[in-house]
Amino acid sequence: MIVTLDKDLEYMRKAGKLAGEIMEMLMQSAKAGISTLELDQMAEKVIRDAGAIPTFKGYRDFPGTLCVSINEEVVHGIPNKSRILKDGDLLSIDLGVTFQREENGKMLDLIADTATTVAIGSVSKMQDKLITDTRASLYAGIRASRAGATLDDIGGAVEDVGNAGAYGIVREYGGHGIGYVLHEEPFIFNYRTGSKTRLKPGMVIAIEPMFNLGGDRVRTKQDGWTVVTQDYKASAHFEHSILITEGEPEVLTKRPNEEAGWQSKA
Ligand code: MG
């Protein structure tokens with residue numbers, strides 16, 4: 001977790017804005033009949049055309065620009081040309097964008113990370129509610145992200161939404177500090193752990209709840225990447241990178257058409 005320099009913050013805002021715009025484009029493009037590799041290539045082109053770098057590509061040898069995880073896949077699914085979206089699928093898209101700036105002959109990375117789950121065509125009421133509630137838990141986590149609040153305030157806010165819907169809350173993965181590298185300290189749990197770590201203005205963190213329709217247990221498949229639910233029930237995943245301020249947090253990866261559902265209602 002870092003307190004960024006003003007000029008670095010500008011780069012992170014740029015990365016976040018681009019990530020939000022690409023996410024919106026992908027949500028509109030994600031239809032039955034399209035492959036997950038097509039979505040991946042679309043995103044990579046926009047990132048490179050903007051002079052940015054796909055953060056995930058090559059990260060620990062991950063082959064894609066996006067993580068694309070369908071139905072029982074929770075996170076880290078690999079884009080594939082033979083994986084064709086079909087009506088009734090739940091598609092989770094995870095995206096990282098890096099802008100670089102030079103300092104004393106060295107390149108510094110400034111990174112933003114975001115994820116969204118979308119329904120392909122018509123899905124069941126339960127699946128639809130899973131998406132809505134997982135998104136609501138992210139927004140609750142963002143709302144709790146105030147200077148002076150603890151990491152437990154975030155985890156607790158997410159956990160309460162998960163428990164109200166009786167979802168399995170994934171424990172092995174969670175949010176993280178972000179900025180110069182993709183995953184910085186601290187790990188941000190999506191449930192209460194008793195953490196007393198306090199948020200300070202200038203910190204940038206990614207909050208990313210994952211809720212399952214079944215149990216909370218997950219495992220990694222043979223490909224070494226794709227994480228699936230143990231019981232093969234569907235999963236949803238939402239993520240934003242946010243800046244802690246003196247007031248409401250700034251959501252760096254907000255999509256252009258996204259309603260600011262994290263703002264406190266008057
Ligand atoms: Mg993340």
Side-chain angles (χ1 to χ4, degrees), residues 1-2 4 11-13 15-23 26-27 40 43 47 52-69 73-79 91-99 109-118 134-135 137-142 144-145 151 154-155 157-158 162 169-191 195 197 199 203-212 218 220 225-227 235-244 249-255 258 262:
M1 184 183 276
I2 47 144
T4 39
Y11 278 83
M12 294 195 62
R13 286 196 174 104
K17 182 167 182 281
L18 181 61
E21 288 166 0
I22 293 171
M23 187 58 85
L26 294 170
M27 290 169 76
D40 187 80
I47 290 171
I53 297 167
T55 312
F56 300 166
K57 198 158 192 165
Y59 179 84
R60 296 183 182 163
D61 293 326
F62 187 78
T65 289
L66 307 176
C67 295
V68 279
S69 310
E73 297 171 354
V74 181
V75 284
H76 306 162
I78 300 170
L91 172 68
S92 297
I93 304 168
D94 197 345
L95 166 69
V97 171
T98 301
F99 272 102
D109 288 345
L110 288 314
I111 302 173
D113 189 6
T114 185
T116 300
T117 298
V118 287
T134 311
R135 183 195 298 118
S137 80
L138 169 62
Y139 291 171
I142 295 172
S145 298
L151 294 181
I154 299 176
V158 171
I169 302 173
V170 175
R171 313 235 147 203
E172 286 89 338
Y173 302 88
H176 47 92
I178 184 166
Y180 300 101
V181 293
L182 178 57
H183 296 122
E184 296 184 12
E185 291 294 310
F187 187 82
I188 301 175
F189 291 88
N190 288 315
Y191 53 94
S195 170
T197 303
L199 300 171
M203 288 176 168
V204 184
I205 57 173
I207 303 175
E208 48 179 323
M210 292 148 230
F211 288 175
N212 304 336
V218 299
T220 304
W225 280 106
T226 314
V227 176
S235 187
H237 175 209
F238 282 83
E239 175 179 28
H240 272 312
S241 299
I242 69 171
L243 168 70
I244 306 303
E250 181 180 332
V251 178
L252 301 173
T253 47
K254 182 185 179 299
R255 286 181 283 104
E258 183 175 11
W262 50 84

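Side chains are part of it too, since the values below use all heavy atoms of this structure and drop only hydrogens, waters and symmetry mates. As the structure lists them, so they are numbered: ligands from 1, and atoms in each ligand from 1.
The aromatic ring centres of H76 and F62 sit 6.0 Å or more apart.
Side chain to side chain, H176 and E208 meet the donor-acceptor criterion of an N or O pair below 3.5 Å. No hydrogens or angles considered: a donor-acceptor pair under 3.5 Å links the side chains of S92 and T117.
At least one cation-pi condition fails for R171 and F189: the charged atom is not both under 6.0 angstrom from the six-membered ring centre and inside a 45 degree cone around its axis.
Near the Mg ion (ligand 1), less than 2.8 Å away, sit the protein N, O or S atoms D113 OD2, H176 NE2, E208 OE2, E239 OE2.
With R255 as the fixed residue, the side-chain contact (heavy atoms from CB on, under 4.5 Å) test singles out one of K17, E21, M27: M27.
Applying the salt bridge (charged side-chain N to carboxylate O under 4.0 Å, His left out) test to E73 and every residue at least two apart in sequence or in another chain returns R83.
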